[in-house]
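Small disclaimer: the values here were computed from a predicted structure and weren't measured. Quick note on labels: first sequence line is chain A, next is B, and so on, each numbered from 1.
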Amino acid sequence: MKILISKTFFDPWQAVEAYQESMGKSGQYGGTAVFVGTMRDFNEGEDVKDMELEHYPGMTEKYLEEISRQAEDKWPILDSLIIHRVGKILPDEPIVVVAVWSAHRAAAFDACQFLIDELKSKAPFWKKETLESGSKWVEHNT
Amino acid sequence: MKILISKTFFDPWQAVEAYQESMGKSGQYGGTAVFVGTMRDFNEGEDVKDMELEHYPGMTEKYLEEISRQAEDKWPILDSLIIHRVGKILPDEPIVVVAVWSAHRAAAFDACQFLIDELKSKAPFWKKETLESGSKWVEHNT
Amino acid sequence: MAIQVKYFASLKERLGRDADEVSAEAISNGKISTVEDIWNMVVNGESMPVNTLCAINLEYVKPDAAVKDGDEVAFFPPVTGG
Amino acid sequence: MAIQVKYFASLKERLGRDADEVSAEAISNGKISTVEDIWNMVVNGESMPVNTLCAINLEYVKPDAAVKDGDEVAFFPPVTGG
């Protein structure tokens, strides 16, 4: 299980591959489900220039570890990885990656969806977008 | 939309990243859901040494294109990628990758699950495993 | 022309060949009108295994689907990809 | 000791600061016993916005949760990560 809050750009595909190689579980996993959230250049009809992502250091990591452990209790998964960006982000840059490894695909999909859903609804992160009209805190998570 | 039957090893993470860069849709997708199926070194309690993957050239590609188009009709997705290995495969090598790009995560997840479920239940591929006791056609898909 | 018949995977191994050709005459003289008729002609009376899947021209069909000259017909066991 | 109070995101901007400290005395003399009491003390009577989330020591709690000396209490708006 790995949780990482990244202050700088990360490549989600390279990160998943690198973590997979470091897991030491080759031959055991038959299914890997991955979700990558990427910054779009528009939101609710407005162009977005960049975004500032704030978090609550300590609580965020604790909460992400908690849901990762919950996923391990609920599904027969082998391992999981969550990386979330903070700080200033530009359009087309990755915001979050969630990856889950399991023997079979159903558990991998279900746990991956659980993790991103819980992360989006409760992990203490906040987005502030820079629009043409100025900067604005995002109020609704989609 | 891309469908590829690969006779040689492919790196699913590099393939997803390369296709994403070639799509020309940067800034549009907010969610990418990916499933990777990897060959395990055991199945139904027996060690598996290697595997031969046969397909029906022509029909397989046609079927995968059909379900990719169905996914585009059913969900608001931006693009999708399916790569499936054929020929001789060793444990820990990737068998299949399915990736779906969408503005939001629900459509990406749902379409990705639809594609791998349809692929597993109906795309004309057949696995023959080499076990300690000899080689055997896989009869049940899990 | 003719009808090309293809077999895959365990079925191919069991039959000991990956293809057969059924002449256009078999259709024109009424001996063959469905996929199941093709099966019965090429395998010499052995009944089709319960889970056998059938295709005409790369599309799934039921065993009672009609065949015509020039078709490609395929028989194969349940699929196990992914 | 004391109670450390933290604010995040839009709430931090609205209050114009990211933290406050509430003295241990405020607890021992009975002025403060819950998270909501902390809010009322630090913001000078302004009512808590409807969707405000509260945490004690990095765990979500309801506004009526009891606080004790040494706790870290946090207030923040609905989260929007991922």
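- Under the 30°/60° scheme for interplanar angles, the aromatic rings of F75(C) and Y7(C) are found to lie parallel.
- Of residues 12-29 of chain B, not one residue has a non-hydrogen atom less than 4.5 Å from any non-hydrogen atom of chain C.
- Counting only distance, with no hydrogens or angles, the side chain of S102(B) and the backbone of P76(B) share a donor-acceptor pair below 3.5 Å.
- Within the cation-pi definition used here (under 6.0 Å to the ring centroid, within 45° of the axis), R105(B) does not qualify as a partner of F109(B).
- Considering only heavy-atom pairs separated by less than 4.5 Å from chain C, the leading option among K122(B), R85(B), E66(B) is K122(B).
- Looking at E52(B), neither its backbone nor its side chain comes within 4.5 Å of chain C, counting heavy atoms on both sides.
- Side-chain polar atoms of T34(C) and D64(C) form no donor-acceptor pair below 3.5 angstrom.
- Within the 4.5 Å cutoff, side-chain heavy atoms of S68(B) are placed close to those of I3(B).
- When side chains are defined from C-beta on, C54(C) does not count as touching K62(C), because their heavy atoms never get closer than 4.5 Å.
- Looking at E59(C), both its backbone and its side chain come within 4.5 Å of chain B, counting heavy atoms on both sides.
- Looking at S121(B), only its backbone comes within 4.5 Å of chain C, counting heavy atoms on both sides.
- Side-chain contact between I95(B) and L53(B) is present, with heavy atoms from C-beta onward closer than 4.5 Å.
- For A9(C), the parts lying near chain B are the backbone and the side chain together; criterion is any non-hydrogen pair under 4.5 Å.
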Chi angles and distances behind the ring-ring contact (aromatic ring centres under 6.0 Å, His included) call for W75(B), F114(B): CA-CA 10 Å; W75(B) 293 279; F114(B) 167 82; 5.3 Å; yes

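- At a 4.5 Å heavy-atom cutoff, the contact between K120(B) and chain C is made by backbone and side-chain atoms alike.
- Note on ring orientation: taking the six-membered ring where Trp is involved, the planes of F76(C) and F8(C) are perpendicular (angle over 60°, cut-offs 30° and 60°).
- For chain B, the nearby part of N57(C) is the backbone; its heavy atoms alone come within less than 4.5 Å.
- Interface residue K128(B): only side-chain heavy atoms are found under 4.5 Å from chain C.
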